[in-house]
*Asks:* 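Below are the structure tokens for one structure; questions will follow.
In what follows, every heavy atom counts, from backbone to side chain, and hydrogens, waters and symmetry copies are set aside. One-based numbering, in listed order, for ligands and for the atoms of each.
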Amino acid sequence: MTNTPTAQIGVTGLATMGRNLARNIARHGYVTAVHNRTESKTKALVGEFGHEGTFVPAATAEEFVASLTVPRTIIIMVKAGAPTDAVIDELAPLLEEGDILVDGGNAHFADTRRREVALRERGIHFAGVGISGGEEGALLGPSIMPGGSEHAYAKLGPILADIAVDVDGTPCSTHVGPDGAGHFVKMVHNGIEYADMQLIAEAYDLLRHGLGWTPERLAEVFESWNSGDLESFLIEITARVLRAGDPSQPERPLVDVIVDEAEQKGTGRWTVQTALDLGTPVSGIAEAVFARALSGSAAQRRAAQGVLPGPAEVPAVGEPGGEEGAGGFVDAADAESFVEDVRAALYASKVVAYAQGFDMIRAGSVEYGWGIDPGAMATIWRGGCIIRARFLDRIREAYEKQPDLPSLLVDPYFAGAVAAGQEAWRRVVVQSVQSGIPAPGFSSALAYYDGLRRERSSAALVQGLRDLFGAHTYRRVDRPGSFHIDWSGDLSESQFS
Ligand code: 6PG
């Protein structure tokens, strides 16, 4: 071990993501300092993968900092929240003005903003960097959403572009904006990931109970979808999960032995909480978060089973794991068109979820003055990340054509695609309601679509009610100003402002 600074970049926090990111960086030829709170992980990394590049292992934070060339660049890869603050508190006193501290975890963007201000006062550049792609992405090429100052990005950007995955020769990494912008965009990415997964799960549920097909046969359906507009990592892995057998009894589908309660680490919930503050209706993400919460309400679900009746005349759905052809609520003769309807409903609902996510990015960018380019976000999500999908290229094109696009849904391509699937989408929502298979993602996406396209909304009545009980006033369609009716008197109208 030496104190002569040779390392171009350092990674502290060598759990799976940190370890793989450090290996990725070292494999790209960077001399990489590595450090972990417990030294055994550092030794294990260098012992197992030392041949992949030049690692400089450090036993202590002091040694770690001393091994880095100035200005130092350190990537923190520890759990979001208190563990990140603890590492910053340990490292910051050892750093000098001009050094760059990077948080590569799933931090809340508000924490990143707070940390950036505190470290800026000490002359340290703090960059919150969103990294997506799981363990494999971290090693082989993630999608990277770097926030932070231009100064930090000038040093960091080329390294991140090197280790990120490439799509059509373009690295999936670009400067998102200052302070918390990178972590904000990563948070919305995760929110969209929640919505996408919820919609896929609803499609599976409807097909399984509508057709009575086995998960293995449904895997084929998802595989075929993966060669069309729906082509994406999540559709691809859906087929893999549906095809898998229970390792302890392989003829039984794995999906039937997994407890049906979805967990969450919190980024989807943060997205919805933030959207509420920004006033952005991300209903698809909210439905996904709530659907996970409902799935986890085990005691309430147990209490309701057998007590709350479902629709009477629907044929009994095949038991999970039932034989192919056990039957569902769709006639066998209509199977093919039902599959096509569900595909169209999934695509249309997905477009809505992404449209809402991009609206939220724009709203956050305006609120915090980040200047985020939505098209650039679509570009860096085309590869490496969990929501990577063919249609992100269409989103990139839409923003390229019209950077101030009011909604993805009004882009000619997406408007046309959703219109083409509209009738199928409505049929699927009706069938879900009639059969008692909940599809909150599909139906709320359709409600959003209808809410967006209608000339007059029911909110006029809401405004009237607010004026009646609280004198909250209303605006008129035919002249400017705020108005109030004398509800307890002669019903005359008075004008304010
Ligand atoms: C990614 C993922 C990653 C992770 C999330 C989701 O982009 O690589 O989004 O961040 O899978 O933590 O986790 P939960 O579903 O547990 O909230």
*Asks:* Determine, considering heavy atoms only, which of Met197, Lys186, Glu193, Met145 sits nearest to atom 6 (C) of ligand 1.
*Replies:*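 When every heavy atom of Met197, Lys186, Glu193, Met145 is considered, Glu193 comes closest to atom 6 (C) of ligand 1.
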*Asks:* Looking at atom 17 (O) of ligand 1, what's its closest protein heavy atom, distance included?
*Replies:*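 Of every protein heavy atom, Tyr194 OH, 2.5 Å lies nearest to atom 17 (O) of ligand 1.
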*Asks:* Starting from atom 8 (O) of ligand 1, which protein heavy atom do you reach first, and at what distance in Å?
*Replies:*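 The answer is Gly133 N, 2.9 Å.
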*Asks:* Quick one: look up the protein heavy atom nearest atom 7 (O) of ligand 1 and list residue, atom name and how far away it is.
*Replies:*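 Atom 7 (O) of ligand 1 sits closest to the protein heavy atom Ser132 OG, 2.4 Å.
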*Asks:* Out of Arg269, Lys265, Arg292, indicate the one that has the non-hydrogen atom closest to atom 15 (O) of ligand 1.
*Replies:*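 Answer by nearest heavy atom: Arg292.
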*Asks:* Between Ser295 and Arg301, which heavy-atom pair has the shortest distance, and what is it?
*Replies:*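 Minimum heavy-atom contact is O-NH1, 2.7 Å.
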*Asks:* For atom 5 (C) of ligand 1, find the nearest protein heavy atom and state the residue, atom name and distance (0.1 Å precision).
*Replies:*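 That would be Asn190 ND2, 3.6 Å.
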*Asks:* I'd like to know whether ligand 1 has Pro142 as a neighbour, heavy-atom separation below 4.0 Å.
*Replies:*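 No heavy atom of Pro142 comes that close to ligand 1.
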*Asks:* Can you check whether Trp425 and Phe442 have ring centres sitting under 6.0 Å from each other?
*Replies:*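 No, the ring of Trp425 stays outside the 6.0 Å limit from the ring of Phe442, centre to centre.
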*Asks:* Taking 4.0 angstrom as the limit and counting only heavy atoms of Gly266, give me the atoms of ligand 1 inside it, by number and element.
*Replies:*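 Listed by number with element: 17 (O).
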*Asks:* Would you say Glu52's side chain and Arg27's backbone share a donor-acceptor pair under 3.5 angstrom?
*Replies:*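 Between the backbone of Arg27 and the side chain of Glu52 there is no qualifying donor-acceptor contact (under 3.5 Å).
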*Asks:* Indicate yes or no for a side-chain donor-acceptor contact from Thr112 to the backbone of Gly180 under 3.5 Å, with no hydrogens or angles considered.
*Replies:*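 No, because the side chain of Thr112 does not come within donor-acceptor range (under 3.5 Å) of the backbone of Gly180.
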*Asks:* Does atom CD (Glu251) have a neighbourhood of more than 12 heavy atoms from anything else shown, all under 6.0 Å?
*Replies:*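 Atom CD in Glu251 is packed in, count exceeds 12.
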*Asks:* In ligand 1, which numbered atoms sit nearer than 4.0 Å to a non-hydrogen atom of Ile386?
*Replies:*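 Under 4.0 Å from Ile386, ligand 1 has these atoms: 1 (C), 2 (C), 7 (O), 8 (O).
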*Asks:* Out of all atoms in ligand 1, which are within 4.0 Å of some heavy atom of His189? Include the element for each.
*Replies:*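 Per the distance check, 7 (O).
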*Asks:* Any donor-acceptor pair under 3.5 Å linking the side chain of Lys155 with the backbone of Pro71?
*Replies:*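 It does hold such a pair.
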*Asks:* For the side chain of Arg362 and the backbone of Asp359, is there at least one donor-acceptor N/O pair under 3.5 Å apart?
*Replies:*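 No.
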*Asks:* With the threshold set at under 4.0 angstrom, would you say Gly268 reaches ligand 1 through any of its heavy atoms?
*Replies:*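 For ligand 1, residue contact (heavy atoms, under 4.0 Å) with Gly268 is absent.
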*Asks:* Any donor and acceptor pair, going by atom type alone, linking the side chain of Thr84 with main-chain N or O of Lys79 inside 3.5 Å?
*Replies:*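 Yes; at least one donor-acceptor contact below 3.5 Å.
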*Asks:* For Gly134, state whether at least one heavy atom is located under 4.0 Å from any atom of ligand 1.
*Replies:*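 Yes, Gly134 has a heavy atom closer than 4.0 Å to ligand 1.
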